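One structure is given below, encoded as structure tokens.
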Protein chains: 2
Amino acid sequence: MSKTKPFPPTLKQLLLKGNEQIHPGVSVDCVIFGFHENVLKILLLEVKQANIWSLPGGFVLKNEEVDDAAYRVLALRTGLDNIFLQQFHAFGNPNRSDVTFHQLKFQEYGIKIPKDNWLTQRFVTVGYYALIDFSAAIIKADSYDSTYAWVDVQKIGTLMMDHNFIVEKALETLRTQLAYLPIGKNLLPKKFTMPEIQKLYETILNKKLDRRNFQRKMLGFGIFNKLNETRKGGAHKAPFLYTFNDKKYQKALKDGLYGSW
Amino acid sequence: MSKTKPFPPTLKQLLLKGNEQIHPGVSVDCVIFGFHENVLKILLLEVKQANIWSLPGGFVLKNEEVDDAAYRVLALRTGLDNIFLQQFHAFGNPNRSDVTFHQLKFQEYGIKIPKDNWLTQRFVTVGYYALIDFSAAIIKADSYDSTYAWVDVQKIGTLMMDHNFIVEKALETLRTQLAYLPIGKNLLPKKFTMPEIQKLYETILNKKLDRRNFQRKMLGFGIFNKLNETRKGGAHKAPFLYTFNDKKYQKALKDGLYGSW
DNA sequence: GCTTTATTGCGTTATAATGACACAATCTAA
DNA sequence: TTAGATTGTGTCATTATAACGCAATAAAGC
């Protein structure tokens, strides 16, 4: 699935010879969700010099499956493999590309992007969203960006290009899929409590849920194992710990949770 | 939304100068659903000489929104405008393109595609599905293809490239969306009966539904107007005719039919 | 060590949605 | 005129959902 050979070697080579290896016109952007301290966050990168935040993204290699490009970006940034990653939308507005961003980037190295360079054209970007275990990820920034941050989805500022729109669409998709997919396995640590997963659902849906009804519905899905341990530490009654029942979880992922019809 | 200026002027120009006007690497393909004689069908085109069937599709112009390209293809083929059209997936397998198809096409005009021509590279295609009123569509084939046909979704043969996969994915999406979107308005004629819309649902879901429960649920959505007419003609009791209540239908399209959570 | 406080486990009850089925009405073809 | 197939309308049992009660308990404060 995920090839992780470093690409490109240098920025200058990217600019001048990128078109030999990179698919012209298609890129990927990843909305990487993590859940930490009861807050749903996404991974953002700060673009050096440009002083603006963006989604982790990248180009698609000429002979690379688009999905694999997304896996590559994800693995590169998080060090994680085998992850819940799903394509959710392609963004094809002709004005979505912003050369300024690239200009600033290359300017730093005294390079000016030629007018007809492959980088100046509009890229259609395919959006993917990933759900990852916050605690397991080891984030890497690279030469193209300086810093990264996990940002509360409720407090995201202005992002580069159309990335705010992309995040919105990702959240919308996540909300919809919550209704028929078992979300949580990849966002939560192996062992988790009902209050924790409830908070996750409440954050995604942006809505308070009744504790008792939530638990009944969740357990009704039959994809959890109840452990004989509790999570002590809070100044209250200790809630039980649960894990996902992998077999049943996989089945639910395939078949969906409802059916309705 | 839909610009319909004819493009390209000739095949030869397309080959030689297409790269000046066409976005390199991104195309659109449309799965156009129609419902006729109680059968769900899609519109297919037969590629001249290549003797194989394909989805209606096209290139994206350099300064064109990808969605608009899909609208353009749809309008070109069906003569219809203002249609339910929805992007459902981007297909980015590096082996999905098939130059043979283009070769055969151009061969007819004594043209050989140069090795490095823009047409030979892998195109990532964005899939759209449309729901149209079968009776209102006037289908046009063009110079690139010879004939068209409405084909029962249950009886689709082998299509060009990965088009079978694209159709599968479109159907899957349609099935999922059936659960929370009011499907039917664009597939059915203005006036329709309960048995008709039920048959539509049964076809999409590939499953028999109880007539009485179906009606109760449908009417429960509150998006229909019951008319004081019946559809006579069948050798049985005449069913009542219904129309969509436009206002409530639009609201349901926006808000969804359920919510669940 | 005992009490307080917030929170959890495990319920109950009323209402709404769903699935399975019954029966009379009615349209056309024979 | 009748037969046959199909529709309109309704019932009933089961299941799902929403709203809420109360005892148990972990940690902090006194």
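Residue numbers start from 1 in every chain, and the chains themselves are labelled A, B, ... in the order their sequence lines are given, proteins ahead of strands. Not measured: the values here are computed from a predicted model.
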A correct 5'-to-3' footprint of nucleotides 22-30 of chain C, with B, S and - meaning base, sugar-phosphate only and no protein heavy atom under 4.0 Å, is B--BBBS--
Specify the separation, in whole Å, of atom CZ of F192(B) and atom C1' of dT7(D).
16 Å
Identify, with sequence neighbours excluded, every residue that meets ring pair (Phe, Tyr, Trp, His ring centres under 6.0 Å) alongside Y129(B).
F84(B)
Return no unless some side-chain N or O of K208(A) is found under 4.0 Å from OP1 or OP2 of dA19(D).
no
Can you pull out every salt bridge (charged side-chain N to carboxylate O under 4.0 Å, His left out) where at least one residue sits in residues 237-250 of chain A? Sequence neighbours excluded, please.
K185(A)-D246(A)
Round to a whole Å and report the spacing from CG of N213(B) to C1' of dA13(D).
13 Å
Quick one: list whatever passes salt bridge (charged side-chain N to carboxylate O under 4.0 Å, His left out) with K41(A), sequence neighbours left out.
none
Just the rounded figure in Å: distance from C1' of dA26(D) to CD of E229(A).
17 Å
If you compare every side-chain N and O of Q215(A) against the phosphate oxygens of dT8(C) (OP1, OP2), does one of them come in below 4.0 Å?
no
With rounding to the nearest 0.5 angstrom, report the CZ to NE2 distance, F88(A) to H89(B).
12.5 Å
Who are the side chain to side chain donor-acceptor pair (under 3.5 Å) partners of S27(A), not counting sequence neighbours?
T125(A)
Can you tell me the distance, in whole Å, between the CG atom of L209(B) and the C1' atom of dC21(C)?
16 Å
Within this structure, what is the CZ-to-C1' distance between F214(A) and dG9(C), rounded to whole angstrom?
15 Å
Rounded to whole Å, CG of D210(B) lies from C1' of dT18(C) at a distance of 10 Å
Residues passing the salt bridge (charged side-chain N to carboxylate O under 4.0 Å, His left out) test with E168(A), sequence neighbours excluded, are none
Specify the separation, in whole Å, of atom NZ of K217(B) and atom P of dA16(C).
17 Å
Atom pair distance, as rounded to whole Å: CD in Q198(A) and P in dT7(C)
12 Å
